[in-house]
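Keep in mind the model is a prediction, meaning the values are calculated, not measured.
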Amino acid sequence: MDAEMDLLADDGGEAERLEAAEAQADLLRDRLRLAVINIATSEGKKAGMEVSDPVVACIADLAYKTVEQLAKDVELFAQHAGRKSIKMEDVILTAHRNEHLMGLLRTFSQQLKGKEPSSERKRKKSSKKDDDVMQI
């Protein structure tokens, strides 16, 4: 990693961007882990159980690794489709091994589509020339 940083140090702007991206990734990882720890702890309390710290840390780490892999998969699905942006279809495809999750994602997607303002296109009016061709 240090050799990588030394090579990139030659291009100061690139090294700064890489460092900022790593800092952002660390911040997101920490926030996700904290959220998972809070959820695991509160769910344990709801169930009348005390979850030990090593178990909670393991759950948080597993959640992060799972999300990281899902992000890579969804990116690959979009690339395979020849797109640079990720669509809901790509997210649904990541759940192809879990039919229940896939069904939930499809339902969620349909609900989102239902909330979007309709962008119906108006039909083109046929020209007189087209009408003449149709009557022949």
What is the minimum heavy-atom distance between Arg83 and Glu89, and which atoms define it?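 Nearest heavy atoms, Arg83 then Glu89: NH2-OE1, 4.0 Å.
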Ala78 to Ser85 - nearest heavy-atom pair and separation: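 Taking Ala78 first and Ser85 second, the nearest heavy atoms are CB-O, 3.6 Å.
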Does [X] belong to the same Ile/Leu/Val/Met/Phe/Trp/Tyr cluster as [Y], with side-chain heavy atoms less than 4.5 Å apart forming each link?
X      : Y     : value
Val55  : Val36 : yes
Leu112 : Val74 : yes
Val67  : Ile59 : yes
Ile37  : Leu27 : no
Phe77  : Ile86 : no

Looking at [Y] and [X], is there a salt bridge between them, counting it only when a charged N and a carboxylate O are closer than 4.0 Å?
X     : Y     : result
Glu43 : Lys46 : yes
Arg29 : Asp26 : yes
Glu14 : Arg17 : yes

Side chains of His80 and Leu76, heavy atoms from C-beta outward: is any pair under 4.5 Å?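 When only atoms from C-beta onward are counted, Leu76 and His80 do not touch, as no gap falls below 4.5 Å.
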Can you measure from [atom1] ([X]) to [atom2] ([Y]) and round to the nearest 0.5 angstrom?
X     : Y      : atom1 : atom2 : value
Leu70 : Glu68  : CG    : CD    : 10.5 Å
Glu50 : Thr41  : CD    : OG1   : 9.5 Å
Leu28 : Arg33  : CG    : CZ    : 12.0 Å
Glu19 : Gln24  : CD    : CD    : 13.5 Å
Met88 : Gln110 : CE    : CD    : 9.5 Å
His96 : Leu101 : NE2   : CG    : 11.5 Å

Whether [X] side chain and [Y] backbone form a donor-acceptor pair below 3.5 Å:
X      : Y      : result
Thr94  : Val91  : yes
Thr107 : Gly103 : yes
Asp90  : Lys87  : yes

Pair Asp73-Gln69, side chain to side chain contact (heavy atoms under 4.5 Å, CB included): steps then yes or no: CA-CA 6 Å; Asp73 288 349; Gln69 186 60 51; 3.0 Å; yes
